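First up is the structure itself, then whatever we jot down about it.
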Amino acid sequence: MGTLLNRIKGNLPSLSEAEKKMGLYVLENPSLVPNMTTKELAQKSGTSESSVVRFCKSIGIGSFKTFKLELVKELAMSEDHLTDFHFLQDKSEPYDIFQKVTHVNTSAIEAISTSLDRREFENAVDTLHHANRLVFYGVGGSATAAVDGFYKFTKLGYPCTAHHDFHFLLSSIPYLKKNDIIIAISMSGKTKDVLELSRFAQKEGATVIAITNLDKSPLYKEADIRLCTPIVEHDYRIGSIPSRMTQLTIIDALYLSVFKAMGEDVLPQYHEARNEVVRLRR
């Protein structure tokens, strides 16, 4: 058990009876708690919603949301993660690895609800809906999500840019205006190129929407709109697998939400493009 679960176990003797019941339930079912509301956890543990709040404060955490974020982080770091270098000593067969990848990615996607703020997400959708130009940028594993966002929002008719060359994008930033947006994607939020491009865009009056972790992320602190991904793998790893899935899921949700906000006006262009694809098939 990691730090948070050990803290709960160590504090059990000093907790009230209701808080103790809560603590025992969390210790026995840690993977279930991140997807629960205060009401659900209270019902499952046989306590009350107010006991949930008191329990969090008794173990030194200010809110239930923060508690869930810490628990997700701890579970992610304590699991036998595929992207950890210890994986090279794993004796799993290929199909076992497939099953582990499925489990890890599914768990990562389910954990997004613990980190993503609903108001921030709705603000992002509204801002994107009324945007003029979009710039997507991420490096390394995050570049995949940037290219996917570029592809999807281009289909909605937005003038979009996504490029791996930092200096190429740098030359386009002075042309950004008030209703233009840069979608900055970084798991750690510490990648220098992403930060510098975002800061430059803000100086020009553009809005920065960050898709990043909350934990010690400069990008999170500086962005105008923050879409937080859960911490689902170590920063030093074989490759970004579950973290990339969280970024792609947020991009998908933004795309579909903006598509819905635009309504049927965009359908003729979709049908026209589809007809051309069918016509050009060989």
Side-chain angles (χ1 to χ4, degrees), residues 1-5 26 29-37 40-41 64-88 90 92 94-118 120-121 124 136 138-149 152 183-191 194 209-217 219-220 223 226-257:
M1 289 190 298
T3 305
L4 179 59
L5 296 178
V26 172
N29 307 277
S31 62
L32 300 180
V33 176
N35 293 316
M36 291 183 176
T37 63
E40 290 169 338
L41 179 55
F64 183 53
K65 181 176 181 179
T66 303
F67 173 76
K68 291 197 294 182
L69 284 170
E70 288 296 318
L71 186 55
V72 166
K73 180 180 177 181
E74 184 160 309
L75 291 172
M77 297 306 181
S78 62
E79 283 184 3
D80 183 19
H81 256 269
L82 293 177
T83 54
D84 190 289
F85 286 97
H86 291 99
F87 166 72
L88 297 177
D90 195 306
S92 298
Y95 190 74
D96 297 328
I97 295 173
F98 161 74
Q99 290 181 312
K100 289 182 179 182
V101 169
T102 302
H103 169 71
V104 165
N105 284 345
T106 302
S107 299
I109 291 170
E110 290 175 348
I112 300 173
S113 61
T114 66
S115 60
L116 188 68
D117 185 276
R118 178 174 179 172
E120 289 286 294
F121 181 78
F136 291 87
V139 301
S142 299
T144 303
V147 172
D148 189 55
K152 285 185 166 67
I183 298 88
I185 309 171
S186 170
M187 188 187 85
S188 67
K190 300 173 184 177
T191 306
V194 177
I209 297 177
I211 300 178
T212 185
N213 287 340
L214 172 63
D215 190 33
K216 299 177 182 177
S217 168
L219 182 59
Y220 172 84
R226 304 153 179 143
L227 304 179
C228 288
T229 52
I231 299 173
V232 291
E233 62 185 335
H234 295 277
D235 190 29
Y236 184 56
R237 60 203 186 280
I238 295 173
S240 53
I241 296 177
S243 61
R244 183 193 61 209
M245 296 306 298
T246 63
Q247 295 168 344
L248 289 169
T249 299
I250 290 175
I251 290 290
D252 285 345
L254 290 171
Y255 166 68
L256 289 174
S257 297

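Heads up: numbering here begins at 1 and tracks the sequence. Worth saying up front: this structure is predicted, and the values here are computed from it rather than measured.
The CD1 atom of Ile250 sits 10.5 Å away from the CD1 atom of Ile109 when rounded to the nearest 0.5 Å. Ile231 CD1 to Leu214 CG: the interatomic distance, rounded to the nearest 0.5 Å, is 7.5 Å. In this structure, OG1 in Thr246 is found 9.0 Å from CE in Met187, a value given to the nearest 0.5 Å. Rounding to the nearest 0.5 Å places CG of Leu256 at 8.0 Å from NZ of Lys152. Rounded to the nearest 0.5 Å, atoms CD1 (Ile112) and CZ (Phe121) are 10.0 Å apart. Atom CD1 of Ile209 sits about 5.5 Å away from atom CD1 of Ile183, to the nearest 0.5 Å.
Between Ser186 and Thr212 the shortest heavy-atom distance is O-OG1, 2.8 Å. Closest non-hydrogen pair, Pro34 versus Thr114, comes out as O-CG2, 2.8 Å. The heavy-atom pair separating Ala146 from Phe136 by the smallest distance is O-CB, 3.4 Å. Residue Ala124 comes nearest to Leu254 through the heavy atom pair CB-CD2, 4.0 Å, listed as atom of the first residue, atom of the second, then distance. The two residues Met36 and Lys68 make their nearest non-hydrogen contact at O-NZ, 2.9 Å. Across all their heavy atoms, Ser217 and Gly189 have their closest contact at OG-CA, 3.3 Å.
Looking at Ser113 and Asn35, their side chains come closer than 4.5 Å, going by heavy atoms from C-beta outward. Contact of the Thr106 side chain with the Met245 side chain is not registered, since no non-hydrogen atoms from C-beta on lie closer than 4.5 Å. At least one side-chain heavy atom of Phe67 sits less than 4.5 Å from a side-chain heavy atom of Val33. Looking only at side-chain heavy atoms (C-beta outward), Leu219 and Ile211 stay at 4.5 Å or farther from each other. Between Asp148 and Asp252 the shortest side-chain heavy-atom distance falls below 4.5 Å. Inter-residue side-chain proximity for Glu120 and Leu116 is flagged as unmet; no heavy-atom pair is nearer than 4.5 Å.
Side-chain contact of Gln247 with Ser142: a donor-acceptor pair under 3.5 Å is present, judged by distance alone.
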Inset, instruction - Please assess Val194 against Ile185 for the test side-chain contact (heavy atoms from CB on, under 4.5 Å), listing each intermediate value before the final yes or no. - result: CA-CA 7 Å; Val194 177; Ile185 309 171; over 6 Å; no
